[in-house]
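First the structure, in the form of structure tokens, and then the observations on it.
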Amino acid sequence: MRIEQLEQFITVVEEGSMSEAARKLFVSRSSLSTAMKNLEHDFGAPLFDRVSKGIILTQFGVDVYNQAKDISRRIKHLKQFNLARAESRLSVAAVYCPVANDAFAELAVRHSQDSIELTIEETGVSEVIQYVAEGFAEIAVFTLFPINETMTNVMLDNSNVEFHEIETKRLSAIVGPKNPLYYTEKETVSLSELSDFPHVEHYSAPTHHNMSYDFGYEVAEFKSDIKVGDQGLARYIVSQTDAVLVNSVSKSAFEKLYADYGLRCIPLENDSMEAKFGWLKLKNRELSPLAAEFIEIFKKKAHEEYSNR
């Protein structure tokens, strides 16, 4: 088995047919078909079900594809890396975070005339830790919640990753005019008061990542659960129904994200909803100049968003 075969296999899957993949790879269809049969022989199991209209991955083929994509990504990373470019590159990982996005945008504007490479990727909690641990991201924006802090700290320690706290932030219930809580005069609400309403959460299908897991509460406590992959759609559903969206929102972030939808933000009263907000890096690894600059911008914006709220 060769790396080239795995790359060819990935192309076949993503193009959806042997013929299209062969055209993209500039090889003959017959030679590509032979390469795939040899790959199946090496694995000792079929990767495809051949049907009249093309090919369909077997379950084993799906597993191999996912692993091959990961291997391909690692190899690409190794090929692109060299010490001469190390200080002109920055890769940031984050669970969805407007503050991190704003800081990244400011960094990009500052260096718009420079020859650098900047990357930010949004993913789930476990993936964020993994990205930093394996070097795919130099730093990551991270939130640590009391309810799963012990378990998360074990994950961080086992991955040789350290957490640096910047601010604390509290979760809030976001409700629209069709939810009776919208008209309450209470300054805070409890999770139990939300149980009679549908729950909307941001869900990332590729990583099977739920925001509720990050925030440390059970969706079973709600009337129903609605998972959406788009933040705008989540806000729209809340504005048109009695559904509740739970998120960590500062006053300025609320103005940016929710005010135009006519929504209201009510802080949760439970102290376990107070989270530590900060960033991750590998232990004993010095920050590159770009990473250090990003952190300074990020700290400033985090203080503006969450201090004196």
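Numbers here are sequence positions counted from 1. Owing to the predicted nature of the structure, the values given are computational and were not obtained by experimental measurement.
- Counted by atom type alone, Gln113 and His111 present zero donor-acceptor pairs between their side chains at under 3.5 Å.
- Side-chain contact, Ser28 with Ser31: a donor N or O sits under 3.5 Å from an acceptor N or O.
- Contact annotation: the side chain of Leu47 approaches that of Leu39 to within less than 4.5 Å [non-hydrogen atoms, C-beta and beyond].
- Glu134 pairs by the side chain to side chain donor-acceptor pair (under 3.5 Å) definition with Arg74, Gln130, not counting sequence neighbours.
- Hydrophobic clustering (side-chain heavy atoms under 4.5 Å, transitive across Ile, Leu, Val, Met, Phe, Trp, Tyr) groups Leu233 together with Ile174.
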Q. Is there a side-chain contact (heavy atoms from CB on, under 4.5 Å) between Lys227 and Val200 once you walk through the steps?
A. CA-CA 6 Å; Lys227 295 182 174 68; Val200 177; over 6 Å; no
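- Annotation for Ile237 and Ala243: closest pair CG2-CB, 4.4 Å, computed over non-hydrogen atoms.
- Side-chain contact between Phe277 and Cys97 is present, with heavy atoms from C-beta onward closer than 4.5 Å.
- Phe60 pairs by the ring pair (Phe, Tyr, Trp, His ring centres under 6.0 Å) definition with Phe43, not counting sequence neighbours.
- Using a 4.5 Å cut-off on side-chain heavy atoms (C-beta onward), Leu25 and Gln8 make contact.
- Leu290 and Phe136 are members of different hydrophobic clusters when ILVMFWY side chains are connected at heavy-atom separations under 4.5 Å.
- Leu32 approaches Ala22 most closely through the heavy-atom pair CD2-N, 3.5 Å.
- Taking the side chain as every heavy atom from C-beta outward, Glu201 and Leu245 never approach each other to under 4.5 Å.
- The CG atom of Asp70 lies 9.0 Å from the CG atom of Asn66; values are rounded to the nearest 0.5 Å.
- Put simply, the side chain of Ser239 gets close to the backbone of Tyr236: a donor and an acceptor are under 3.5 Å apart.
- Using a 3.5 Å distance cut-off with no hydrogens or angles, the side chains of Ser19 and Ser17 do not pair a donor with an acceptor.
- Paired with Lys281 under the rule side-chain hydrogen bond (donor to acceptor under 3.5 Å, both in side chains), one option of Glu286, His164, Glu162 passes, and it is Glu162.
- To the nearest 0.5 Å, atom OH of residue Tyr65 and atom OG of residue Ser72 are 9.5 Å apart.
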Q: Carefully, step by step, assess Glu149 and Lys276 under the rule salt bridge (charged side-chain N to carboxylate O under 4.0 Å, His left out).
A: CA-CA 9 Å; Glu149 183 172 349; Lys276 297 175 182 178; 2.9 Å; yes
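- Taking the charged nitrogens against the carboxylate oxygens, Glu7 and Arg2 have no contact shorter than 4.0 Å, which rules out a salt bridge.
- Using a 4.5 Å cut-off on side-chain heavy atoms (C-beta onward), Ile139 and Ile295 make contact.
- Remark: Glu4 CD is packed, more than 12 non-hydrogen atoms of other residues, nucleotides or ligands lying under 6.0 Å away.
- Between the OG1 atom in Thr119 and the CD atom in Glu138 there is a gap of 11.5 Å [rounded to 0.5 Å].
- Nearest approach of Ile120 to Ala100, heavy atoms of both residues: CD1-O, 4.3 Å.
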Q | Test log, rule side-chain contact (heavy atoms from CB on, under 4.5 Å), inputs Leu268 and Val246 | A | CA-CA 9 Å; Leu268 296 182; Val246 179; 4.1 Å; yes
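- Residues Leu156 and Val132 are members of one and the same hydrophobic cluster, defined by side-chain heavy-atom contacts under 4.5 angstrom among Ile, Leu, Val, Met, Phe, Trp and Tyr.
- Note that the NE2 atom of His199 and the CG atom of Leu194 stand 9.0 Å from one another [nearest 0.5 Å].
- Distance check: Asp242 CG to Asp196 CG gives 9.5 Å after rounding to the nearest 0.5 Å.
- A 6.0 Å sphere centred on NZ of Lys186 holds more than 12 heavy atoms belonging to other residues, nucleotides or ligands.
- Note on ring orientation: taking the six-membered ring where Trp is involved, the planes of Phe142 and Phe163 are perpendicular (angle over 60°, cut-offs 30° and 60°).
- Shown here for Thr58 and Pro46, the closest heavy-atom pair between the two residues is OG1-O, 2.9 Å.
- In the model, Ser88 has no side-chain atom that pairs as donor or acceptor with a side-chain atom of Glu117 under 3.5 Å.
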Q.
I'd like to know whether Arg264 forms a side-chain contact (heavy atoms from CB on, under 4.5 Å) with Thr184, so could you lay out the CA-CA distance, the side-chain angles of the two residues, the decisive distance to 0.1 Å, and finally the verdict.
A. CA-CA 10 Å; Arg264 182 185 173 195; Thr184 183; 3.5 Å; yes
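- Counting non-hydrogen atoms of other residues, nucleotides and ligands closer than 6.0 Å to CG of Asp114 gives a total above 12.
- At a threshold of 4.5 Å between side-chain heavy atoms, the hydrophobic network of Ile, Leu, Val, Met, Phe, Trp and Tyr places Leu107 and Val109 in two separate groups.
- Annotation: side chain of Pro177 is in contact with side chain of Tyr183 (closest heavy-atom distance under 4.5 Å).
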Q: Kindly determine whether Lys69 and Glu14 satisfy salt bridge (charged side-chain N to carboxylate O under 4.0 Å, His left out), including the steps that lead there.
A: CA-CA 11 Å; Lys69 285 287 287 184; Glu14 294 180 348; 2.9 Å; yes
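- Between Phe48 and Val12 the shortest side-chain heavy-atom distance falls below 4.5 Å.
- Using a 4.0 Å cut-off between a side-chain N of Lys or Arg and a carboxylate O of Asp or Glu, Glu40 and Lys37 do not qualify as a salt bridge.
- The side chain to side chain donor-acceptor pair (under 3.5 Å) check on Asn101 picks up Glu122, with sequence neighbours excluded.
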(Q) Run the salt bridge (charged side-chain N to carboxylate O under 4.0 Å, His left out) test on Glu293 and Arg110 for me, step by step, so that the C-alpha distance in whole Å, both residues' side-chain angles and the decisive distance to 0.1 Å come before the verdict. (A) CA-CA 10 Å; Glu293 185 178 358; Arg110 286 187 184 185; 3.0 Å; yes
**Q.** Verdict with supporting geometry, Val92 and Leu118, side-chain contact (heavy atoms from CB on, under 4.5 Å)
**A.** CA-CA 8 Å; Val92 180; Leu118 301 176; over 6 Å; no
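- Nearest heavy-atom pair across Gly176 and Leu263 is CA-CD2, 3.7 Å.
- Atom CE of Met155 and atom OG of Ser126 lie 4.0 Å apart (nearest 0.5 Å).
- Put simply, Ile129 and Val154 are part of two different groups of oily side chains (I, L, V, M, F, W, Y) that touch within less than 4.5 Å, one to the next.
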Q.
Test salt bridge (charged side-chain N to carboxylate O under 4.0 Å, His left out) on Glu304 and Lys300; report intermediate values, then the result.
A. CA-CA 6 Å; Glu304 291 171 353; Lys300 180 176 180 292; 2.7 Å; yes
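- A 4.5 Å side-chain heavy-atom check between Val99 and Val141 finds every atom pair outside the cut-off.
- The existence of a salt bridge linking Lys301 and Glu106 is confirmed by a sub-4.0 Å separation between a basic side-chain nitrogen and an acidic carboxylate oxygen.
- When all heavy atoms are compared, the tightest approach of Asn179 to Leu181 is OD1-N, 2.8 Å.
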